[in-house]
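Right, one structure below, let's go through it.
In what follows, every chain begins at residue 1, and chains take the letters A, B, ... in the order their sequences are listed.
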Protein chains: 2
Amino acid sequence: MQEIPEIVTSIKQAAELTGLTEDTIRYYEKIGLLPYADRKRNGHRVYSREQIQSIIFLTRLKATGMTLEEMKSYRELSSLDKDTVPLRLSILENHHHKIQNEISRLFEVQKIIEYKIDHYRKITQNPDLNDTNCTSTIKKDL
Amino acid sequence: MQEIPEIVTSIKQAAELTGLTEDTIRYYEKIGLLPYADRKRNGHRVYSREQIQSIIFLTRLKATGMTLEEMKSYRELSSLDKDTVPLRLSILENHHHKIQNEISRLFEVQKIIEYKIDHYRKITQNPDLNDTNCTSTIKKDL
DNA sequence: TTACGACTTGGAGTATACTCCAAGTCAAGA
DNA sequence: TCTTGACTTGGAGTATACTCCAAGTCGTAA
């Protein structure tokens, strides 16, 4: 992780720090996922360290399968008052739950893939094995 | 998981068994991800148990983020001869690797979310806490 | 025989998330 | 002053993965 300066003075730098493209950052602002950024006198965007960190957090949520709309709801609530804390909490809990399921699913598929890899390894290491036989076993679930 | 009959005689049933919609199954066949299915005399699609299982395996790969194009490449290789085994193997190994990374990423985000949930819980359980203080800590990375 | 329901086809339309472009502005250096 | 480069905007275009629709076919039940 790069050091994030106190103030980020160009969209290019913001893109580098967040891993998004400049276009994507502008797009996120356009659809209201990111708040309208402050501009310099010449109209160029400026970001505080906190803003950059909040963008990075969004990219993490995105990486876990949250849609832009869901992130938007969450962000909109975050900028409101105390009353929304239970709502924010439930969004996070909900998402936590989804990720847990996702992780379980991934582990299951991982096991299936490992089983297949094993079969293919056996075939390559022992070319005398009847391929028809092996692949048909594998082909059962492709 | 439902029992899969030896022969599945309607696309509706195939959809129920695989969790896809009828339209999606037709779409997959249209783009060549699924082989052209046998038809009854009236033109309706029929599937063997093995074909249903292979569709289910595809849905699992998809759930792990494999694109339709990647699945298509894999499937096309699977229907070819022994020479493609090393290739199939490398596709699987590659994907296995990707899923491993994905799982690590998910765990990391899970930790961040747990941290936030914790903070929000503290706020709700102790309403006397200065909210401004707490949310600002959280808001640092939104 | 006619109506009905379950399917068929090709093709158009949609949602999501970008990605690209043209035309314009502004500040700094030659 | 002119050019260059980094940005700005609104809007159009693209990729992926469906999703929907109109028109037609087939087999059974009344």
query = Would one find a side-chain N or O of B/R39 under 4.0 angstrom from OP1 or OP2 of C/dT9?
reply = yes

request  = Could you work out which one of C/dT9, D/dT8, D/dC18 sits closest to the side chain of B/Y27?
outcome  = D/dC18

ask   = Which listed nucleotide (C/dT9, D/dA17, C/dC18) is nearest to the side chain of B/Y36?
value = C/dT9

inquiry  = Please find the pair of heavy atoms, one from B/L34 and one from B/L58, that lie closest to each other, and give the distance.
reply    = CD2-CD1, 3.7 Å

Distance in angstrom units between B/M71 CE and D/dC18 P, rounded = 7 Å

inquiry  = What's the closest nucleotide to the side chain of A/N42 if the choices are C/dC26, D/dC26, C/dC7?
reply    = C/dC26

query = If you check every side-chain atom of A/K62, which of D/dC7, C/dC7, C/dA17 has the closest atom?
reply = C/dA17

ask   = Nearest of C/dC7, C/dT19, C/dA17 to any side-chain atom of A/T67?
value = C/dA17

query = Quick one: B/E29 CD to C/dT9 P, roughly how many Å, whole number?
reply = 7 Å

query = To the nearest Å, how far apart are B/R45 CZ and D/dC26 C1'?
reply = 15 Å

query = Between C/dT16 atom P and A/K30 atom NZ, what is the distance in whole Å?
reply = 17 Å

request  = For B/T24 and B/L20, indicate whether the former's side chain and the latter's backbone hold a donor-acceptor pair under 3.5 Å.
outcome  = no

key: Integer-rounded Å distance: C/dC18 C1' and A/Y28 OH   = 8 Å

ask   = Is B/I31 touching bases, backbone alone, or none of the nucleic acid, heavy atoms closer than 4.0 Å?
value = nothing

remark   = Here the distance between atom C1' of D/dG13 and atom CG of A/D23, to the nearest Å, is 12 Å

query = Side chain of A/K12, base of D/dG5: donor and acceptor closer than 3.5 Å?
reply = no

A/H44 versus A/T9, side-chain donor and acceptor atoms under 3.5 Å = no

ask   = In terms of side-chain heavy atoms of A/I11, which of D/dG27, D/dC7, C/dC18 is nearest?
value = D/dC7

remark   = Separation of D/dC18 atom P from B/L33 atom CG, nearest Å, is 9 Å

ask   = Which of these nucleotides, C/dT19, D/dC7, C/dA17, is closest to any side-chain atom of A/T21?
value = C/dT19

request  = Establish, for the pair B/K62 and B/F57, whether the NZ or CZ atom is under 6.0 angstrom from the six-membered ring centre and no further than 45 degrees off its axis.
outcome  = no

inquiry  = Using a heavy-atom cut-off of 4.0 Å across all strands, would you classify B/R26 as base, sugar-phosphate, or nothing?
reply    = base

ask   = If you measure only the distance, is there a donor-acceptor pair under 3.5 Å linking the side chains of A/E70 and A/T67?
value = yes

ask   = For D/dT25, does OP1 or OP2 lie under 4.0 Å from any side-chain N or O of B/K40?
value = no

ask   = Taking CZ from A/R41 and P from D/dC7, how many angstroms apart are they, rounded to a whole number?
value = 17 Å

